Amino acid sequence: MAYLPQNVVLNELRHEAFEACTPSGPAESGIVSKWRPKDRMKTGCVALVLCLNISVDPPDVIKISPCARMECWIDPFSMAPQKALETIGKTLSFQYERWQPKAKYKIQLDPTVEEVKKLCTTCRKYAKSERVLFHYNGHGVPKPTANGEIWFFNRSYTQYIPLSISELDSWLKTPSIYVFDCSAAGMIVNSFIELQDCTPSSSSSGTSSPRDCILLAACEAHETLPQSREFPADVFTSCLTTPIKIALRWFCTRSLLHESLDDSLIDRIPGRQTDRKTLLGELNWIFTAVTDTIAWNVLPHELFQRLFRQDLLVASLFRNFLLAERIMRSANCSPVSYPMLPPTHQHHMWDAWDMAAEICLSQLPTLLEDPNAEFQPSPFFTEQLTAFEVWLDHGSEFKKPPEQLPIVLQVLLSQCHRFRALVLLGRFLDMGPWAVDLALSVGIFPYVLKLLQTTTPELRQILVFIWTKILALDKSCQVDLVKDGGHTYFIRFLDSVEAYPEQRAMAAFVLTVIVDGHRKGQEACMEANLIHVCLKHLQGGSAPNDTQTEPLFLQWLCLCLGKLWEDFPEAQIIGLQEKAPIIFSLLLSEPQPEVRASAVFALGTLLNVGFDSSRDVGDDEYDDDEKVGAEISIVKSLLNVVSDGSPLVRAELAVALARFAFGHNRHLKAIAAAYWKPQSNSVLSSLPSFSVRTSVSGYTTPTQYSQIGPLSRVGGDSHSASRDVRVSSSSPLATSGIMHGSPLSDDSSQHSDPGLLNDCITNGAVNHTKPRQLDNALYSQCVSAMCTLAKDPSPRIAGLGRRVLSIIGIEQVVTKSVKPAAASVRPGESSTTASSLAGLARSSSWFDMNGGHGPMNTFRTPPVSPPRPSYLNGLGGMRRVCSLEFRPNLMESGLADPLLSSPGVSGASERLAFPQSTIYNWSCSHFSKPLLTGTDDADEVTAKNSERDKVALQNITKCQHSSGSNLHNPIARWDTKFETGAKTALLQPSSPIVVAADEGECIRIWNYEEATLLNSFNNHEYPDKGISKLCLVNELDDSLLLVASSDGNVRIWKDYTLRGKQKLVTAFSSIHGHRPGVRSVSAVVDWQQTSGYMYSSGEISSTMVWDLDKEQLLSSIPLASDCSITALAASQVHGGQYAAGFVDGSVRLYDIRTPVGLVCVTRPHRRVEKVGGIERVVGIGFQPGLEPGKIVSASQAGDIQFLDIRNLRDAYLTIDAHRGSLTALAIHRHAPLIASGSAKQLIKVFNLEGEQLGTIRYSPTFMAQKIGSVSCLAFHPYQILLAAGAADACVSIYADEITPPR
């Protein structure tokens, strides 16, 4: 299987859509408001009004005999009427207290209207803004009237006096809850709804919120209460206040147990309702779980939150109301509520209650006979958890949610079920953010918060997992965690070595969210010694276990410290004292890009931004010199990352440099200005096209400076420059000419006093002592790094880089669109903007690049396509400078043209322009994805892969046995419409697709079976174009297209065959460091799938070996030659091995596994005396098969050499293919075939014995015009197919059969 590498690179989360955007972190809002109870309420006062008038029946009631008599389980006729009334009142009060013991209870027995009014006003006064409950028992008065009046008595009990509900409501005000236990109670509800509709909500409550009134009524408007003996007279009140007792009595009469159990036994059920280990407690617990579950599954979300989660008493009454509905409907009576609930009396969870009740009651006789008998808990909760588990195996976001969720919540209260419930809950939360939201809306939050106070070791891992899931959805929980001291639980877990690193990474994530932008969290974690714990584990400490290799753990330790230090100087000082910069600098070479990016982020947060100079926190403890030293070491570490292969890391570097640029703005502006300050003609030739931007505060308009010379430097602080003679702190380079308001001449601008410049720089910023100045060479390197980032191959990073440059006063020029004069400029490449900016774009930084001999004082509008880049030598080590034009910005942000969106210099606007770090938010998204599932589709993938490999191996075998003698049948011809011809092409292994690119880096993808263009896009928008190579990465899977430009930049695209949908996966500059005096890099690149390495070289003295899996430079192998490489080929069979051909005709074989890299060297292509310089190697490649040293190389002179480089010094076979005009060489990966192309429109095909199998004459086009030379050749890796591109922009495909096999 050496032929079919199985490794896949660049398909991590970070490659999904780095350029487009980054996923957001835990939500700040939105979902939050949905699950959090709006504001918890309390019922502070309860008014109990009983109108029983015992022994006098109201006129509109005809009683049956025997009829229901019991009130509060007391027979009123068993004692004197007055005593009965008082006993019933006390008992009712006692029944309510069971649900809300802390409320104030007031009772009125058979009252008059005045007494009721006094009661209501007293209650409201006492309760203030809390809820008042008004309970009305009207069994001794007439039914409510159609107008919504209820009845009371006069003083002498000779008359019934009506009271309208509107009056009652005006006394009691809101929030309130009414319970009406009387016949035709629905009348009151109807009247109340009419009243609600008439009165606008604001009149009585004083706020604009809807009135918070809740009503519970015993029956509908046309119904009377049941009179049957099997019920108490106040059956509604009994259901609401003593639910277990009435539920069991009602159930027993309908169950098989009714013979063995009577009512007296039910009254003697042992245990306490609050003790779940007793029979009564268990029944109460199951009842709560069942009614909660019914409500959650039937009610709309908002209504459930309001009635069942906001107020304890209201929640209990509504749970019991569901029971009342079930019991009373059996007596043809329908209780009513406002707000109305959907019917629940037939919900199937009632069956589960009946069964649980039956199992519990069947133990009752034994328990009562033998006080020592052991109570057996009901299997109810175990069974419900099993049902939940079944749902987890088969449910999904798109199916009905699991109805057992509220039961899982109840089970968390019990130690015996807790572990299983938490594990199942964890599995549920892992299904996605929707599941977390659902669980939070059930009310899980207070329970899991409380569990953080337990010390049970087996719960730790699952609790950390659950909190990870909650915080990945909702960051606002950080406040609750800190308030309850929950952070210490996670710090202990983070510090425990026995936990798995992945789980400790979750604890680090939780802590990171706790400290993210939350000062109280930062302070609490700092005090709990979190900084020390994190740094200890980042160093690896004493434990030699696998912690150090777990990238996720390292990544989150870095992010945690970074977020803890962010804008928190006290913590930063502790970090610096604990030598954090040194620990982090070692992490910058970790193999995982995420770890490196997080380390850069953490280092960046240690740089003091210095927005506000009044912050001198902790300066006395931590010496200034030490601060400066720490800052220097941090910046030096960061500068090593500029050439990192991962855009993720470089994006964080840009943010860190932006922080540094803010803190050291003046010094950097001075250095930047010095770079672009004309000094002498010799330096001018190598100055880049940047200009300095200095800011002008106040109300000056750009036009005032229109005559200022080539490098406009304007100083000014808070007034316009002409009135202010101080040296501006924002521009240390302000020269005296401008100070006195006289515009400088071009000449004085060029030769202005260098002494002033030096003074400004060495003295630091004028009038300011903070921040302290660092060393100039370091500032130079920073400016250089910023320029490198501003022309990064990744558009997003280049944008960040330009924002950083604008902080130190360098602004990119936007030039006016000019009609391209030269043919080399293609339309669409010129950048356009409003003509109003044309004046600003005029700058003398476009010097004559040939040596600076042009006249310096003439203005020229810069050309649209800038010249090729030059290199700045000797100026503080700036390596390469940009070929984008930058300009001085003469405008304060308030006046700036919106097109430029340049940040100003005031702290507030700078804060807005500050590039924001994205690694934290981006990393958070890992935890909102499922973490527990993994292997479900693995079998499918394996089957697919083995099928794919089988087909590939069949094709390879076929290729190996093919002679290829007929490889001249053209099966497709494609006019690419490239202006400069196809420069490079490749054939996709698994589909009939050819990809081609031209010198201008336009990439086109064509299906040659259907002859359709699939996609066309530009590799980048920079002015410098030039393509080096196209390769397929992961060619057997979803392949990615690697595009190497001749300047050494590599961009890798996915979805490149979908029109307009191509996405940049990663981009980096693969070549660093140039030979002096070289204009272009002329990069040569090849990709090796077996090892995951990419090799690149060119006009440099080494080969850069990149590990694309780690997105890191693996090593730089010296070429051991003074010449540069012109052709490079990586072995597709032997990982780590590659061959290179040089300008001088030599060929070298390298193996990165050897200490020096170079294995052997030979020089098969000798100089031809007549024609100079054409011995350079044009094409090179390994021969098909497994032999490591067999190479074919071809030179421009036209000779093709067959080498066995490890065994023989000289070529064992030479073919003279094309005299002095060989332009392309292709070697088939598996078939014994070689093809070479010539500038004379010829392609020749040879076998490995050197026999010519055929010649393909490049057919002229219809118009018979002269066609160009063959510019590229590429074989299909697994079929006998050859793609050939020519300078006339046609790509032809040849096969050895007329219809190639699919």
Side-chain angles (χ1 to χ4, degrees), residues 487-488 490-492 494-495 508 511-512 514-543 547-548 553-588 590 595 598-640 652 656 659-660 662-664 769-775 778 917 920:
H487 59 284
T488 54
F490 298 100
I491 294 177
R492 279 200 306 275
L494 180 71
D495 203 15
L511 289 162
T512 311
I514 288 174
V515 295
D516 175 26
H518 180 217
R519 180 48 61 90
K520 282 192 175 143
Q522 288 176 311
E523 286 165 357
C525 288
M526 181 179 80
E527 282 156 24
N529 214 7
L530 178 59
I531 299 176
H532 174 73
V533 171
C534 288
L535 287 173
K536 179 176 80 181
H537 292 298
L538 279 172
Q539 275 172 297
S542 52
T547 319
Q548 272 42 69
F553 184 47
L554 295 178
Q555 177 186 347
W556 278 101
L557 286 173
C558 293
L559 290 169
C560 184
L561 283 172
K563 281 290 174 188
L564 182 53
W565 288 327
E566 204 169 43
D567 304 329
F568 188 26
E570 292 94 324
Q572 292 168 9
I573 285 168
I574 295 176
L576 295 173
Q577 284 167 342
E578 297 231 3
K579 303 278 181 289
I582 298 163
I583 297 168
F584 276 105
S585 61
L586 299 171
L587 293 169
L588 296 178
E590 278 290 311
V595 177
S598 307
V600 171
F601 163 70
L603 281 172
T605 55
L606 278 175
L607 292 171
N608 217 340
V609 178
F611 280 121
D612 124 37
S613 50
S614 62
R615 271 201 330 209
D616 289 333
V617 187
D619 276 13
D620 45 341
E621 311 163 32
Y622 198 63
D623 188 21
D624 236 21
D625 291 342
E626 290 183 55
K627 247 188 202 166
V628 172
E631 205 151 57
I632 290 175
S633 80
I634 290 172
V635 174
K636 282 184 173 161
S637 302
L638 289 175
L639 289 173
N640 294 332
E652 291 310 309
R659 288 179 75 89
F660 181 68
F662 269 125
H664 293 258
T769 52
K770 277 184 76 110
R772 287 277 294 278
Q773 187 191 347
L774 310 183
D775 135 45
L778 192 64
S917 161
Y920 163 68

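In this chain, numbering begins with 1 at the start of the sequence shown. Remember, it's a predicted structure, so these values are computed and weren't measured experimentally.
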Engineer: Ignoring hydrogens, what is the shortest heavy-atom contact between Gln572 and Asp567? Give both atom names and the distance.
Structural biologist: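 Heavy atoms of Gln572 and Asp567 come nearest at NE2-N, 3.9 Å.
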Engineer: Using a 4.5 Å cut-off on heavy atoms from C-beta on, say whether the side chain of Ser598 contacts that of Leu554.
Structural biologist: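 Contact flag for Leu554/Ser598 side chains = no.
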Engineer: Kindly say whether Ile514 contributes a backbone atom to a donor-acceptor pair with the side chain of His518 at under 3.5 angstrom?
Structural biologist: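 Yes, because the side chain of His518 sits within donor-acceptor range (under 3.5 Å) of the backbone of Ile514.
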Engineer: Minimum heavy-atom separation for Leu588 to Ser637, with atom names?
Structural biologist: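 Leu588 and Ser637 have their closest heavy atoms at CD1-O, 3.4 Å.
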Engineer: How about Leu538 and Leu586: do any of their side-chain heavy atoms sit closer than 4.5 Å?
Structural biologist: no
Engineer: Tell me, do Leu638 and Ile634 make a side-chain contact under 4.5 Å, heavy atoms counted?
Structural biologist: yes
Engineer: Would a 4.5 Å heavy-atom cut-off, applied to side chains only, mark Cys558 and Phe601 as touching?
Structural biologist: no
Engineer: For residues Gly521 and Val515, report the shortest heavy-atom separation together with the two atoms involved.
Structural biologist: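 Scanning both residues completely, I find the closest heavy atoms to be O-CG1, 3.7 Å.
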Engineer: Under 30°, 30 to 60°, or over 60°: which ring-plane class applies to Phe553 and His537, parallel, tilted or perpendicular?
Structural biologist: tilted
Engineer: Could you state the interatomic distance from CD (Gln577) to NE2 (His532), rounded to the nearest 0.5 Å?
Structural biologist: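 Those atoms lie 13.5 Å apart.
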Engineer: Give the minimum heavy-atom separation between Ala656 and Gly604, together with the two atoms involved.
Structural biologist: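 Shortest heavy-atom separation between Ala656 and Gly604 comes out as CB-CA, 3.7 Å.
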Engineer: Using 0.5 Å steps for rounding, measure from the OG atom of Ser917 to the CG atom of Leu559.
Structural biologist: 8.0 Å
Engineer: Heavy-atom distance under 4.5 Å between the side chains of Trp565 and Ile531, does that happen here?
Structural biologist: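 With C-beta onward as the side chain, the pair touches.
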Engineer: Measuring only between side-chain heavy atoms, which start at C-beta, is Leu564 closer than 4.5 Å to Leu511?
Structural biologist: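 No - every pair of side-chain heavy atoms lies 4.5 Å or more apart.
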Engineer: Say you draw a straight line from NZ of Lys579 to CZ of Phe584; how long is it, rounded to the nearest 0.5 Å?
Structural biologist: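 With rounding to 0.5 Å, NZ (Lys579) is 15.0 Å from CZ (Phe584).
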Engineer: Taking all non-hydrogen atoms of both residues, which atom of Lys636 and which atom of Leu778 are closest, and how far apart?
Structural biologist: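 Smallest heavy-atom distance, with atoms named: CG-CD1, 3.8 Å.
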Engineer: Minimum heavy-atom separation for Ala528 and Ile491, please, with both atom names.
Structural biologist: CB-CD1, 3.5 Å
Engineer: Is there side-chain contact between Asp495 and Lys536, with heavy atoms separated by less than 4.5 Å?
Structural biologist: yes
Engineer: Could Lys563 and Glu566 be called an ion pair, given the rule that one side-chain N must be under 4.0 Å from one carboxylate O?
Structural biologist: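 Looking at Glu566 together with Lys563, the answer is yes, because their closest N to O distance falls below 4.0 Å.
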Engineer: Can you tell me how far the CG atom of Asp516 sits from the OH atom of Tyr920, to the nearest 0.5 Å?
Structural biologist: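 The CG atom of Asp516 sits 4.0 Å away from the OH atom of Tyr920.
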Engineer: Please tell me if the side chains of Leu606 and Leu561 come closer than 4.5 Å, counting only heavy atoms from C-beta onward.
Structural biologist: no
Engineer: Taking atom CG of Leu530 and atom OG1 of Thr488, what is their separation to the nearest 0.5 Å?
Structural biologist: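 It is 11.5 Å, given to the nearest 0.5 Å.
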